[in-house]
There are 2 protein chains.
Amino acid sequence: MFRGQYVHSISDNGRVSIPAKFRELLNTKYSSTTIIISMFENCLLAYPIVEWEKLEAKMIDLPSFKKETVDFERYLIGNASECQLDSEGRINISPVFRKNLNFKKSVVFVGILTRFEIWDQKSWQKNKELGFKKFQKSRDHIDEI
Amino acid sequence: MFRGQYVHSISDNGRVSIPAKFRELLNTKYSSTTIIISMFENCLLAYPIVEWEKLEAKMIDLPSFKKETVDFERYLIGNASECQLDSEGRINISPVFRKNLNFKKSVVFVGILTRFEIWDQKSWQKNKELGFKKFQKSRDHIDEI
DNA sequence: CCTAATATGCCAAAATATGACAAAATCTGC
DNA sequence: GCAGATTTTGTCATATTTTGGCATATTAGG
């Protein structure tokens, strides 16, 4: 499982190394160092390819020209990109993503079970108090645990 | 699968190069660099010829005189045109398309699984927030995933 | 404090995007 | 149908970006 936080620096051309702990999980549990990163709200979301493909398989069966399908797929897939970790465990984050999420010098990797997020460090810092408030609020709605 | 966004510039006479990632997919998965482009909402829609033919096969089975069929097919097929990528991986976008979609300096390629869209960059930028709103809304209607 | 693992800076090589221009094709008016 | 104008196409050159590999700095673990 992906867990915890790691701060890494990102080079001018968008290259960043994935935390060793995450790399190890990809190797052992998923037997593949290919991941899909996708842009959501204020961060990138990274999935091992296997997990992501399950999702895509379902999407491909949706009626292709229905408005809801187009809106959904355009956003989700249009903001996704496949990354192969290189021999040093690094990936490249495209200029579009970096611009949209305002990635500057450092990024924060946040492990969340079967996926992990990548934040610009400043945005992550800003979201910290808000994150705690949201966590507090969420507790009333999590009935299953 | 086509995924992600790429910004390219388009020459005065409508020539533009297809993102390398897309070209590679055409070469490997589809073994053909022929694509069909047609008009869509505010963008062009591009299919590898194989995928387009699947679409046509389905269209042929639609009830031919139903108003919706005629409207759908007239627009989609009537606006379709075949493009062969040249040795540098470029295609030409006809003056009609460029005029209709107001293609200026830069265009954005948006990968969506078996097809990709081509937007004028300004229009894409304008549609960004709207796109996210639509995505949020669509999530309620996508029950299958 | 030492060692091993990890992260990252650096540079050269490869790939990619795109501008330029001439040749070929197409269109236009006569 | 023909001559000239315009557009499209093919090829090359080049700027830019991406990639691969190595070297060094940094961190974590014992």
Side-chain angles (χ1 to χ4, degrees), chain A residues 2-28 33-37 44 46 80-100 103-111 116-121 124, chain B residues 2-28 33-37 44 46 81-100 103-111 116 118-121 124:
Chain A
F2 298 102
R3 293 188 199 100
Q5 288 170 35
Y6 302 86
V7 182
H8 283 191
S9 35
I10 182 166
S11 75
D12 289 346
N13 55 0
R15 214 192 219 177
V16 65
S17 45
I18 303 295
K21 280 263 169 70
F22 292 2
R23 266 159 30 210
E24 209 205 312
L25 193 64
L26 289 169
N27 280 322
T28 55
T33 55
T34 303
I35 62 176
I36 303 279
I37 59 180
L44 289 178
S81 108
E82 185 175 319
C83 302
Q84 178 58 242
L85 306 218
D86 72 10
S87 62
E88 314 282 309
R90 296 169 301 189
I91 61 165
N92 275 67
I93 293 172
S94 81
V96 180
F97 285 162
R98 281 182 279 143
K99 210 181 160 199
N100 283 332
F103 279 10
K104 292 272 186 269
K105 235 186 70 73
S106 298
V107 293
V108 184
F109 289 82
V110 185
F116 58 91
E117 296 180 347
I118 311 173
W119 291 72
D120 175 70
Q121 193 180 25
W124 175 253
Chain B
F2 297 102
R3 298 186 192 103
Q5 290 166 41
Y6 302 87
V7 182
H8 283 191
S9 36
I10 181 166
S11 76
D12 290 346
N13 55 0
R15 214 192 218 179
V16 65
S17 44
I18 303 294
K21 280 261 170 71
F22 290 3
R23 264 156 36 206
E24 209 204 311
L25 194 64
L26 289 170
N27 281 322
T28 56
T33 53
T34 305
I35 61 177
I36 305 275
I37 59 182
L44 291 177
S81 95
E82 189 176 315
C83 301
Q84 180 56 243
L85 306 218
D86 72 11
S87 62
E88 310 282 306
R90 295 169 303 189
I91 60 165
N92 276 68
I93 294 171
S94 80
V96 180
F97 284 160
R98 281 182 279 143
K99 212 184 159 196
N100 283 335
F103 279 10
K104 291 271 186 268
K105 234 185 71 73
S106 298
V107 294
V108 183
F109 290 81
V110 185
F116 59 90
I118 312 174
W119 290 70
D120 175 70
Q121 192 182 24
W124 175 254

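Each chain gets a letter, A, B and so on, in the order its sequence line appears, and its residues count up from 1.
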Query raised in the report: Within the structure shown, what part of the strands sits under 4.0 Å from A:Ile10 by heavy-atom distance: base, sugar-phosphate, or nothing?
Result: nothing
Query raised in the report: Just how far, in rounded Å, is P of C:dA17 from CD1 of B:Ile91?
Result: 13 Å
**Report entry** Mutual orientation of the aromatic rings belonging to B:Trp119 and B:Trp124 [parallel < 30°, tilted 30-60°, perpendicular > 60°]
**Finding:** perpendicular
Query raised in the report: With a 3.5 Å cut-off and just heavy-atom distances, do the side chain of B:Arg15 and the base of C:dG19 make a donor-acceptor pair?
Result: no
Report task. Answer with yes or no whether B:Arg90 presents, from its side chain, a donor or acceptor under 3.5 Å of a partner atom in the base of D:dT11. Result -> yes
Query raised in the report: Which nucleotide in the list D:dT11, D:dT9, D:dG21 gets nearest to the side chain of A:Glu88?
Result: D:dG21
Query raised in the report: With respect to the phosphate group of C:dA7, does any side-chain polar atom (N or O) of A:Arg23 fall under 4.0 Å of OP1 or OP2?
Result: yes
**Report entry** Residue-phosphate contact under 4.0 Å: A:Ser17 side-chain N/O, C:dT8 OP1/OP2
**Finding:** yes
Query - Distance, nearest 0.5 Å, that separates CG of B:Leu44 from CD1 of B:Ile36 - result: 13.0 Å
Query - Backbone of A:Arg90 reached by a side-chain donor or acceptor of A:Arg15 within 3.5 Å - result: no
Requested in this report: Take atom NE2 of B:His8 and atom C1' of D:dA15, then tell me their distance rounded to the nearest Å.
Outcome: 15 Å
Query raised in the report: Separation of A:Asp12 atom CG from C:dG9 atom P, in whole Å?
Result: 9 Å
Query raised in the report: Just how far, in rounded Å, is P of C:dT16 from CZ of B:Phe109?
Result: 15 Å
Query raised in the report: Between D:dT18 atom P and A:Arg98 atom CZ, what is the distance in whole Å?
Result: 7 Å
Query raised in the report: Phosphate oxygens OP1/OP2 of D:dG20: is one of them under 4.0 Å from a side-chain N or O of A:Ser87?
Result: no
Query raised in the report: A:Gln84 CD to D:dT18 P: how many Å, rounded?
Result: 17 Å
**Report entry** Value rounded to 0.5 Å, distance of CD in A:Glu24 from CG in A:Asn27
**Finding:** 8.0 Å
Query - Ring centres under 6.0 angstrom apart (A:Phe22, A:Phe2) - result: yes
Query raised in the report: For the pair made of CG in B:Leu85 and P in D:dT8, what is the distance, rounded to whole Å?
Result: 18 Å
Query raised in the report: Which part of the nucleic acid, if any, lies within reach of A:Asn92 when heavy atoms closer than 4.0 Å are counted: base, sugar-phosphate only, or nothing?
Result: sugar-phosphate
**Report entry** Separation of D:dC22 P from A:Asp86 CG (nearest whole Å)
**Finding:** 13 Å
